[in-house]
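Comments concern the structure below.
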2 protein chains.
Amino acid sequence: MDKKITIGIAEDQSALRRRLIEHFRFFDEVDVTIACESGDALLERLPALPESRFPVVILMDIEMPGSNGIETTHRVKEHYPQTDIIMFTVFEDDDRIFDAIQAGASGYLLKDEPVDVIVQAMKELREGGAPMSALIARKMLGIMRRAQLERQRPDDAELPFNLSARELEIIQQIVQGKTNAEIGEAMFLSPFTVKTHIKNIYRKMHVGSRAEAASLAYKRNLV
Amino acid sequence: MDKKITIGIAEDQSALRRRLIEHFRFFDEVDVTIACESGDALLERLPALPESRFPVVILMDIEMPGSNGIETTHRVKEHYPQTDIIMFTVFEDDDRIFDAIQAGASGYLLKDEPVDVIVQAMKELREGGAPMSALIARKMLGIMRRAQLERQRPDDAELPFNLSARELEIIQQIVQGKTNAEIGEAMFLSPFTVKTHIKNIYRKMHVGSRAEAASLAYKRNLV
DNA sequence: GTGAAAATACTCCATTCGGAGCATTGGCAT
DNA sequence: ATGCCAATGCTCCGAATGGAGTATTTTCAC
């Protein structure tokens, strides 16, 4: 059988914190090894824990005095990237969810979830999942629909519009607002050559000005 | 008790399709009302269904001949936005997950999930969740960490660089590659006026050319 | 109702750009 | 080997841009 899941708790409301600790006692799978009333306290006390009692999962309140849950998550993941963090909150606005994920949270539960669901979430986490309350999961989808993905292009993939590598270099200078002369200087080329390249770029991209080319370059993730 | 969940299936492998239909029979909660071997067939046959047999959830394979699952999802959501779609696939690359979500999918299951998990996912969906296989949920988090969120600006929030509303309008035309004369025509302004606005824009944004302004506009989500 | 800010409009001038055409070189593929 | 295409460089010309300065009208807040 697997070892117990060691849990950390950061939650400023002492009543809730104690209630959680009490309830977790009834579950054999988990073991609360640290519980703090603030993110700062958690960060202070974590280094002192022996490895065997170091939390594998931290239940993190978002709203806390001092360092809030987002900041604390950032710092914890910085020092202990292998520790998973579940945000635990009553709030559910999109920006906060997004920020929590970006900070490194791997799960997001609303505080009204029953304790057995929380324990189940811990197990899911350890099995590679990303437990989320239904409402949060739905909101995440909404966030993703509004998000722009920065798709990275494999090096050998062909560039949009059949642009050559050289032409791409030139575009990158164009979006910086450089003149042909400046680009030539930067690339050790005659400004005439730069101009010829730009002519070809315009033809391939079906545009007719630097602004339009820059715009299209952004839209197509060329820069 | 709630009514049965009506299910649609789009899956080109006939063996799997039949297996799913067979297995779903054992679950009282669900009722397969339509099963097709392609996205095109689904789109063709959906309009003919009576409302009572219209699928509330569609299990959608991604890899299909003709319209693939992403395209089909797009079209289904376009015509039947209230129908939920679960992507059902063996593939799990980030771009595909992202595209599926953007197309309007509300869940994402791997084909190796047991049927009872799939049925459970349907129920979760109806309860407002977004069921995902553990692996997919984790990948979604990774995608979100790389994503840029387009945070929408409240109407009364001040624009970056203290640009006026009128100036913003002009920028939008600039990124389209228009000349001052064309902008003037579109906005019923003298080209001289357009020029004056652009001068002010340059001053406020600390740039000196249309390409640079367009570029910065994209970076700051002005367009 | 007064003042500040924004929007409108124009002039002059030097620089830059975009379009067309042309030429040479070097590398890569058939 | 040969032919194609990318990369390089150039000329001429007209159109558009960018910079500076000035002026009138509108609008909106205090």
Side-chain angles (χ1 to χ4, degrees), chain A residues 153-220 222-223, chain B residues 153-220 222-223:
Chain A
R153 207 180 10 264
D155 279 357
D156 57 345
E158 79 184 41
L159 277 65
F161 313 109
N162 284 313
L163 291 183
S164 72
R166 201 61 166 158
E167 285 160 352
L168 186 60
E169 282 183 73
I170 302 237
I171 289 206
Q172 322 225 320
Q173 311 262 326
I174 285 184
V175 301
Q176 289 169 41
K178 294 191 183 174
T179 67
N180 293 346
E182 287 166 339
I183 296 174
E185 204 165 332
M187 294 176 67
F188 304 104
L189 287 179
S190 152
F192 301 113
T193 305
V194 175
K195 201 178 176 184
T196 303
H197 281 305
I198 292 180
K199 259 192 307 188
N200 292 326
I201 290 171
Y202 286 175
R203 184 174 39 73
K204 291 182 181 178
M205 295 176 82
H206 304 293
V207 298
S209 74
R210 302 162 104 73
E212 210 181 344
S215 175
L216 191 51
Y218 270 95
K219 281 189 195 152
R220 296 293 283 269
L222 287 180
V223 287
Chain B
R153 222 182 354 269
D155 278 358
D156 58 344
E158 74 185 42
L159 293 148
F161 313 110
N162 285 312
L163 292 183
S164 72
R166 201 64 167 154
E167 285 160 351
L168 186 60
E169 281 183 73
I170 300 234
I171 288 206
Q172 322 227 325
Q173 311 262 329
I174 285 183
V175 300
Q176 291 168 39
K178 293 192 183 174
T179 66
N180 292 346
E182 286 167 340
I183 297 174
E185 203 164 332
M187 296 177 65
F188 305 103
L189 286 179
S190 150
F192 301 113
T193 306
V194 174
K195 201 178 177 186
T196 303
H197 281 305
I198 293 180
K199 258 193 308 190
N200 293 326
I201 291 170
Y202 287 174
R203 182 174 40 74
K204 291 183 180 177
M205 294 176 81
H206 304 292
V207 298
S209 75
R210 301 161 106 74
E212 209 180 346
S215 175
L216 191 51
Y218 270 95
K219 281 189 196 153
R220 296 292 283 270
L222 286 180
V223 288

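Everything quoted here is computed from the prediction, not taken from an experiment.
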Just the rounded figure in Å: distance from C1' of C:dC17 to NZ of B:K178. 20 Å
Quick check: closest heavy atoms across A:A214 and B:A211, and the distance to 0.1 Å? CB-O, 4.1 Å
Has A:R210 got a side-chain N or O lying under 4.0 Å from the OP1 or OP2 atom of C:dG18? yes
Separation of A:E212 atom CD from C:dG18 atom P, in whole Å? 10 Å
Side-chain donor/acceptor of A:K178 to backbone N/O of A:I183, under 3.5 Å: no
Sugar-phosphate means primed atoms, P, OP1 and OP2; the rest is base. With that split, encode nucleotides 2-7 of chain C 5' to 3' as B, S or - using protein heavy atoms under 4.0 Å. -----S
Rounded to the nearest angstrom, tell me the gap between atom CD1 in A:I183 and atom P in D:dT8. 13 Å
Would you check if there is a donor-acceptor pair between the side chains of B:N180 and B:R210 at a distance under 3.5 Å? yes
Check every strand shown and say whether B:S209 touches a base, only sugar-phosphate, or nothing at a heavy-atom separation below 4.0 Å. sugar-phosphate
Measuring from A:K195:NZ to A:I170:CD1, what's the distance to the nearest 0.5 Å? 13.5 Å
Check if the side chain of B:K195 and the base of D:dG18 share a donor-acceptor pair of N or O atoms closer than 3.5 Å. yes
CD1 of B:I198 versus C1' of C:dT8: gap in Å, rounded? 14 Å
Rounded to whole Å, CZ of B:F192 lies from P of D:dT24 at a distance of 17 Å
Between CE of B:M187 and C1' of C:dT8 the distance, given in whole Å, is 11 Å
Phosphate contact (C:dG18 OP1 or OP2) by A:Y202 side-chain N/O below 4.0 Å: yes
Atom CD1 in B:I174, atom CD in A:E212: separation rounded to 0.5 Å? 12.5 Å
Grab the CD1-P distance between A:I170 and D:dA6 for me, whole Å please. 14 Å
A:H206 NE2 to C:dG19 P: how many Å, rounded? 13 Å
For the atom pair OG1 (B:T196) and CD1 (B:I201), what is the distance rounded to the nearest 0.5 Å? 10.5 Å
Phosphate OP1/OP2 of C:dT15: any A:T179 side-chain N/O under 4.0 Å: no
Quick one: is C:dT16 close enough that its OP1 or OP2 comes under 4.0 Å of any side-chain N or O from A:N180? no
Count the heavy atoms of every other residue, nucleotide or ligand shown that sit under 6.0 Å from CD of B:E185, and state whether that count exceeds 12. no
